[in-house]
Amino acid sequence: MELKNKVLIFGVLLFLLLDGFLLSLAYGKIHYHDYVITETWYTRLCSSKKMMTVNGQFPGPEIHVQKGDTVIVNVHNKGDYNITLHWHGVKQPRNPWSDGPDYITQCPIQPGANFTYEVIFSTEEGTLWWHAHSDWSRATVHGAIFIYPKNGTTYPFPKPQAEVPIIIASWFKGDVMEIIQEALKSGGEPNQSDAFTINGQPGDLYECSKPGTFRMLVEQGKTYLLRIINAVMNEELFFSVAQHQLTVVGIDGAYTKPLTVDYIMITPGQTMDILLTANQSLSHYYMAAKAYSSGYDVPLDNTTTTAILQYSGNYTAPSSPSFPYLPYYNDTDAATNFTRGLRSLADKDHPIAVPKTIDTRMYITISVNVYPCTNNSCDGPNGSRLLASLNNISFVTPSIDVLGAYYRKIKGIFDTDFPNEPPYYFNFTADDLPNDLLIPTRGTKVKVVEYNSTMEIVFQVTNLNSGENHPMHLHGYSFYVVGSGFGNFNNVSDPKGYNLVDPPEVNTFGIPKNGWTAIRFRANNPGKLASFCLEEAIMDREMLHGGMVRALSFGSTYELGYD
């Protein structure tokens, strides 16, 4: 009997060990990080200021994982402001509490407090990023995420010599938190950034910046993987490298068919994986980025940030590196020609699943609106306050986070009547629109759909207050961009041109000025608070998040809300 018990105990232990080993193979490794939010002194553009950072770094620390791993991040807020962190593009299956948007999935982390995030990677592979998701703290609190293939698998392209993050961000001489607080108070446009940066440095073209310019060292004949992140606050960007072609092989944590180009256009929040082969003469070459802006008379940072691609070897460096071609700031044809070339890889090792039949269709207008102020005392048009809206509804921030209110069944925090279409139709892209269209309604609203149902959403940009490109981001999901065009969407003729074979699978995509974009996805992440948001930080909290789609259920329904 004693021997049998020992054998039984040994068998149980062996089973537990094997079970743990199999679980580690299935779910990947667990990585641990401590992030300390502090106010740190930085000097750029001939002046110094204190700003929020993670572990004193700008950009913040990189996260390196393999597909399917989990990351535990303990955040200690030793800064002066509330903060949350969002893991941009990470689906977080059944883990909405760690997504990060303040007053949506959580209350913010107050100064002196700490919060532990569990970041669960599932199908993502490639480049993503993390950033603060509270006010304008993401201007300085952000970093790259490298997601490598699982053991036993590899890239769908030859392994590069090295992998280099290229994080393009905004730099403000002033305190970014004071800038946004002043804009929220006044209701007008916030100050424009004073520079863009590449990996924390503005580059040669700005004053006092040449010594710190980022340099990427390369060997002639070798191929490198650039992990490019647009972390700027407002602007879409053109990016290129002098005399070198770029081959796009991934976007937003998913692989694409190789697309070789002279430049890319990348929207705020997007990430791209780019192969660059060092096949030119030994020398120095500029890489550069500047804004693309489609709006008429819309303020923008029209400066250019640079870094240097520097070949190793013996040669005399040029007094000035060769400068790349970048399209003009309002070259919509250049931007459109690039984005239309993006296609999912869609091979047997990287299959896609574009919904062919649709359960729920939504048509959502995106507008920049105004809201009256007492005695016309605000700084927006005609003394009003600038707001954004989806289907003419501008989000009102609740006093309790929406996810917490949902699970605790707290009534009165949000309504479930977000509409499938705008309240009234007009020529959305007309040059002149009546003033009575400018004022939105305000509310905290959600839309209910069945779990595992298929969704098609057509986003239509309106020309209210001079329309422009609008980057949209989906929390908790990737989606397929099946169609895009200019003018008003036609629900009879335009779907005939949809790409249902290999559309790009993304989590962030630009909706063109005076145009539309159609996306499809399946609502299959129960418990996830998915969100569509305007990735532009503007004017008011209602403007800041323009609109969000949020999935809020463990059960058979999804509640999709707009924030």
Side-chain angles (χ1 to χ4, degrees), residues 35 40-45 48-49 51-64 88 126-132 137-147 160-173 176 193-218 224-233 235-242 244 246 263-264 266-276 278 284-291 301 303-312 321 323-324 326:
Y35 280 8
T40 307
W41 282 99
Y42 267 77
T43 300
R44 298 287 186 273
L45 308 182
S48 299
K49 68 172 184 176
M51 63 189 203
M52 295 178 72
T53 64
V54 170
N55 299 345
Q57 301 176 38
F58 172 71
E62 296 171 6
I63 291 176
H64 294 254
H88 192 107
T127 304
L128 296 174
W129 67 304
W130 60 266
H131 60 82
S137 49
R138 75 176 174 91
T140 58
V141 178
H142 57 252
I145 302 175
F146 289 36
I147 310 170
Q161 174 74 10
E163 304 180 17
V164 181
I166 302 293
I167 303 176
I168 309 171
S170 303
W171 183 267
F172 298 80
K173 288 184 177 180
V176 295
S193 55
D194 297 290
F196 297 120
T197 61
I198 294 178
N199 292 348
Q201 297 291 342
D204 287 6
L205 304 186
Y206 300 95
E207 58 182 351
C208 304
S209 299
K210 187 171 183 177
T213 298
F214 173 72
R215 293 171 180 265
M216 177 180 163
L217 301 179
V218 297
Y224 297 82
L225 178 62
L226 307 183
R227 295 179 177 266
I228 301 179
I229 298 167
N230 184 347
V232 304
M233 299 305 294
E235 287 90 355
E236 294 159 307
L237 298 169
F238 289 118
F239 172 88
S240 61
V241 180
H244 292 74
L246 307 173
Y263 64 89
I264 65 169
I266 184 168
T267 70
Q270 271 190 333
T271 61
M272 291 187 185
D273 296 309
I274 308 287
L275 293 178
L276 179 147
H284 293 182
Y285 302 86
Y286 272 131
M287 58 178 68
K290 71 175 184 180
D301 181 343
T303 63
T304 302
T305 181
T306 58
I308 294 175
L309 188 76
Q310 180 175 322
Y311 280 67
S312 61
F323 201 84
L326 288 169

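Side-chain contact between Leu128 and Ile147 is present, with heavy atoms from C-beta onward closer than 4.5 Å. Counting heavy atoms from C-beta outward, Val218 and Leu309 have side chains that approach closer than 4.5 Å.
Applying the side chain to side chain donor-acceptor pair (under 3.5 Å) criterion to Ser312, with sequence neighbours excluded, gives no partner residue. Partners of Lys173 according to the side chain to side chain donor-acceptor pair (under 3.5 Å) rule, which considers only residues two or more places apart in sequence or in another chain, are Glu207. Remark: Gln57 pairs with Asn55, Pro61 by the side-chain contact (heavy atoms from CB on, under 4.5 Å) rule, at least two apart or across chains. Evaluation of the side-chain contact (heavy atoms from CB on, under 4.5 Å) rule for Leu246 yields Phe239, Val241, Val261, Ile264, Ile274, Leu276 as partners, not counting sequence neighbours. By the side chain to side chain donor-acceptor pair (under 3.5 Å) test, Arg44 is found to be paired with no residue, residues two or more places apart in sequence or in another chain being considered. Remark: Asn199 pairs with Ile166, Ile167, Phe214 by the side-chain contact (heavy atoms from CB on, under 4.5 Å) rule, at least two apart or across chains.
Side chain to side chain, Ser48 and Thr43 meet the donor-acceptor criterion of an N or O pair below 3.5 Å. When only modelled atom types and interatomic distance are considered, Asp204 and Thr306 share no side-chain donor-acceptor pair under 3.5 Å.
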Criterion side-chain contact (heavy atoms from CB on, under 4.5 Å) on Asp273 and Leu226, from CA distance to verdict
CA-CA 6 Å; Asp273 296 309; Leu226 307 183; over 6 Å; no
Assess the residue pair Met216 and Gln310 against the criterion (side-chain contact (heavy atoms from CB on, under 4.5 Å)); give the C-alpha distance rounded to whole Å, side-chain angles, the decisive distance to 0.1 Å, and a yes or no.
CA-CA 6 Å; Met216 177 180 163; Gln310 180 175 322; over 6 Å; no
Test Ile228 against Ile266 for side-chain contact (heavy atoms from CB on, under 4.5 Å), laying out the working first.
CA-CA 9 Å; Ile228 301 179; Ile266 184 168; 4.0 Å; yes
side-chain contact (heavy atoms from CB on, under 4.5 Å) between Arg215 and His284, intermediate numbers included
CA-CA 9 Å; Arg215 293 171 180 265; His284 293 182; 3.6 Å; yes
Could you walk me through whether Trp129 and Phe146 satisfy the ring-ring contact (aromatic ring centres under 6.0 Å, His included) test, starting with their C-alpha distance in whole Å, then the side-chain angles of each, then the deciding distance to 0.1 Å, before giving a yes or no?
CA-CA 8 Å; Trp129 67 304; Phe146 289 36; over 10 Å; no
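To the nearest 0.5 Å, the span separating CD1 on Ile198 from CE on Met287 amounts to 6.5 Å. One distance of note links OG1 of Thr267 with CD of Glu235; it measures 12.5 Å at 0.5 Å rounding. Atom CD1 of Ile229 sits about 10.0 Å away from atom NE2 of His88, to the nearest 0.5 Å. Distance NZ/Lys290 to CG/Leu237: 11.5 Å, rounded to 0.5 Å. If you take OG1 on Thr304 and CZ on Phe238, they are separated by 12.0 Å, rounding to the nearest 0.5 Å. Expressed to the nearest 0.5 Å, how far NZ of Lys49 lies from CZ of Phe172 amounts to 8.0 Å.
Partner of Ser240 under the side chain to side chain contact (heavy atoms under 4.5 Å, CB included) criterion, chosen from Tyr263, Phe323, Tyr286: Tyr263.
A donor-acceptor contact shorter than 3.5 Å is absent between the side chain of Ser193 and the backbone of Trp171. Panel note: side chain Glu163, backbone Arg227; no donor-acceptor pair is recorded below 3.5 Å. Thr53 places no side-chain N or O within 3.5 Å of a backbone atom of Phe58 that could act as its donor or acceptor partner. Not one N or O on the side chain of Tyr206 forms a donor-acceptor pair closer than 3.5 Å with the backbone of Gln201. With hydrogens and angles disregarded, no donor-acceptor distance shorter than 3.5 Å links the side chain of His142 to the backbone of Gly60. Remark: the backbone N or O of Val232 is paired with a side-chain donor or acceptor of Asn230 at under 3.5 angstrom.
Nearest heavy atom pair, residue Gly56 against residue Thr40, reads CA-OG1, 3.7 Å. Heavy-atom minimum distance, Ser209 versus Gly203: CB-O, 3.1 Å. When all heavy atoms of Ala288 and Pro324 are compared, the pair lying nearest together is CB-CG, 3.8 Å. Taking every heavy atom of both residues into account, Leu45 and Pro202 meet most closely at CD2-CG, 4.0 Å.
Taking the six-membered ring where the residue is Trp, Trp130 and Tyr35 present tilted rings, their angle falling between 30° and 60°.
Residues Tyr285 and His244 place their aromatic rings such that the two centres sit under 6.0 Å apart.
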